There are 2 protein chains.
Amino acid sequence: MRLPAPARREQILDVSVQVFARNGFHSTSMNDVADAAGVTKPVLYQHFDSKQDLYLALLEEAGNRLRNAVAKAVSSATSGKQQTEYGFKAYFRWVSDDHDAFLLLFGTRANRDDESVSAIRRITAETAHAIAPLIAVDIDNLHQRTLAHGLVGLAEGVSRHLVERGEVFDPEVLGQQIADLAWAGLRAVHRAD
Amino acid sequence: MRLPAPARREQILDVSVQVFARNGFHSTSMNDVADAAGVTKPVLYQHFDSKQDLYLALLEEAGNRLRNAVAKAVSSATSGKQQTEYGFKAYFRWVSDDHDAFLLLFGTRANRDDESVSAIRRITAETAHAIAPLIAVDIDNLHQRTLAHGLVGLAEGVSRHLVERGEVFDPEVLGQQIADLAWAGLRAVHRAD
DNA sequence: TCATAGGGTTACCAAAGGGTAACCAGTCGC
DNA sequence: GCGACTGGTTACCCTTTGGTAACCCTATGA
């Protein structure tokens, strides 16, 4: 039960990712983290200055792993097409391996209480549901829904980038461009199937 | 300063969207909301049972507006291509009009403190930065970065959908499919420019 | 065997903030 | 003018939880 300092620090980090990913920042108390680590609160403060500090350390580590994975994959490719391929594969490999880290960074639950989470999931799902039918009908339903969520994420990513930076944009022009991307992309997926 | 009940309720909702969108749920106290509405705390509790209740009402309303906008646009189109176009345009129109609602639902700040927000933004931005160069070089930089954030969002949307439902997936296969979509899409945007 | 250092615990403080009880005031109908 | 209804306020409670001070215990090496 008793661990040398560096090992304890690592263990706390490992355990924290899970706890924070599952319950979000505010719903997770330092006691929760301590319990999960099989230890008491003051021990946490021997390794991290504050709850913030611990949380930021987690984000930073998770972010580094993601960045490195994608950057390395992209740089190892030669053509544009290959870069795209390697990049996305690396991303999804990271998601699949580093599960809790993904949720910590981008999960819906990341900081919301249960009810808010399900409200937002419902909205996203319903939006995706609304656009799923326009995806080629001869691919299976599950795949269709997955792509639909991808397209919603596409729009979300673009919007977040612009809105959070306060940039103004013409929704008609932007919509047309992203629609072109999506439509051509969907047809490609269709063919590739 | 004195308002009839329904008007006050509306005003509270209007003001709350802004406050919550800017500061997130936990960093916004009921006193903050009350101040912003030019009123005191107990007034809020005459219209909403709890902070949760108020917040969920906001999410619900925002979600409805988004859903309706997209669904209506998509249903008014005749071909698949047109549905895609109308759908995305409607989405971005909503973002542009209903600004605070978008941030409330999907903003990075939605529930995190300042430092976490900037950590996550940095990670997203750096990931986008890493893939931006693979986007056709003859379009302007700003546009390139916007598309890059879209692609990151695409991957994020897909991942969230799968991970939060606990579905297992093969990152290689999924990566290939999404890469096909992205690559074909990017070439289309390129041509359309 | 005994001092000591480092890992760990108990018990506590203080602030923040959700929520409420009791009270006040203006305006409208009679 | 006057009761009473409705919108609003002041002042408070109480729980949660981040953070800490003081203490303990066990292994180790001289």
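Because the structure is predicted, anything quoted here is derived from the model rather than measured. Only heavy atoms go into these numbers, but all of them, side chains included; no hydrogens, no water, no symmetry mates. Chain naming here is simple, since letters A, B, ... match the order of the sequence lines and numbering starts at 1 in each.
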With under 30° as parallel and over 60° as perpendicular, where do the rings of A:Phe25 and A:Phe20 fit, or are they tilted in between?
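Rings of A:Phe25 and A:Phe20: parallel, as their planes differ by under 30°.
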I need the OH-C1' distance between B:Tyr45 and C:dA22, as an integer number of Å.
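From B:Tyr45 OH to C:dA22 C1': 18 Å.
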Spacing of A:Leu54 atom CG relative to D:dG18 atom P, expressed in whole Å
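To the nearest whole Å, that distance equals 11 Å.
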Any donor-acceptor pair under 3.5 Å joining the side chain of B:Gln46 to the base of D:dG7?
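Side chain to base: no pair present.
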Using atom CG of A:Asp32 as one end and atom P of D:dT17 as the other, report the distance to the nearest whole Å.
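Distance, rounded to whole Å: 8 Å.
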Round to a whole Å and report the spacing from CD of B:Gln11 to P of D:dG7.
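Nearest whole value for this atom pair: 14 Å.
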What I'd like to find out is whether the side chain of A:Leu103 reaches to under 4.5 Å of the side chain of B:Val163, using heavy atoms alone.
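Yes, close enough: below the 4.5 Å cut-off.
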Could you walk me through whether A:Asp180 and A:Gln176 pass side chain to side chain donor-acceptor pair (under 3.5 Å), step by step?
CA-CA 6 Å; A:Asp180 287 343; A:Gln176 185 68 60; 3.3 Å; yes
Residue-phosphate contact under 4.0 Å: A:Arg8 side-chain N/O, C:dG8 OP1/OP2
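Indeed, a polar side-chain atom of A:Arg8 lies that close.
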What do you reckon, is NE2 of B:His129 surrounded by more than 12 foreign heavy atoms closer than 6.0 Å?
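Counting other residues, nucleotides and ligands, NE2 of B:His129 stays at 12 neighbours or fewer.
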Side-chain heavy atoms of A:Arg8 within contact of A:Val39, under 4.5 Å:
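Heavy-atom side-chain distance check passes, below 4.5 Å.
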Could you tell me how far apart A:Leu44 (CG) and D:dT17 (P) are, to the nearest whole angstrom?
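Going from A:Leu44 (CG) to D:dT17 (P), I get 15 Å.
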Quick check: on DNA chain D, is the nucleotide nearest B:Thr40 upstream (toward 5') of the one nearest B:Arg2, or the reverse? Name the residue that is more 5'.
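On the 5' side of the pair lies B:Arg2.
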If you check every side-chain atom of A:Pro42, which of D:dT10, C:dT10, C:dG18 has the closest atom?
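For the A:Pro42 side chain, the nearest candidate turns out to be C:dT10.
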Measure from NE2 on B:His47 to P on C:dG19 and round the result to the nearest Å.
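In whole Å, C:dG19 P lies 16 Å from B:His47 NE2.
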Closest to the A:Leu3 side chain, choosing from C:dT20, C:dG8, D:dG7:
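Nearest nucleotide to the side chain: C:dG8.
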Quick one: which of D:dG8, C:dT9, D:dG18 gets closest to the side chain of A:Ser29?
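It is D:dG18.
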Taking the minimum atom-to-atom distance to the side chain of A:Met30, which one of C:dG19, D:dT9, D:dG18 wins?
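Selected nucleotide (nearest to the side chain): D:dG18.
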How do A:Gln52 and B:Val43 order along DNA chain D: which one's closest nucleotide is nearer the 5' end?
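Mapping each residue to its closest nucleotide by heavy atoms, the 5'-most match is B:Val43.
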Using the side-chain heavy atoms of A:Lys41, tell me which of these nucleotides is nearest: C:dT20, D:dG19, C:dT10.
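Among the listed nucleotides, the one closest to the side chain of A:Lys41 is D:dG19.
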Length of the CG-C1' vector between B:Asn31 and D:dA11, whole Å
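Result: 12 Å.
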Length of the line joining B:Phe20:CZ and C:dG18:C1', which is rounded to integer Å:
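From B:Phe20 CZ to C:dG18 C1': 12 Å.
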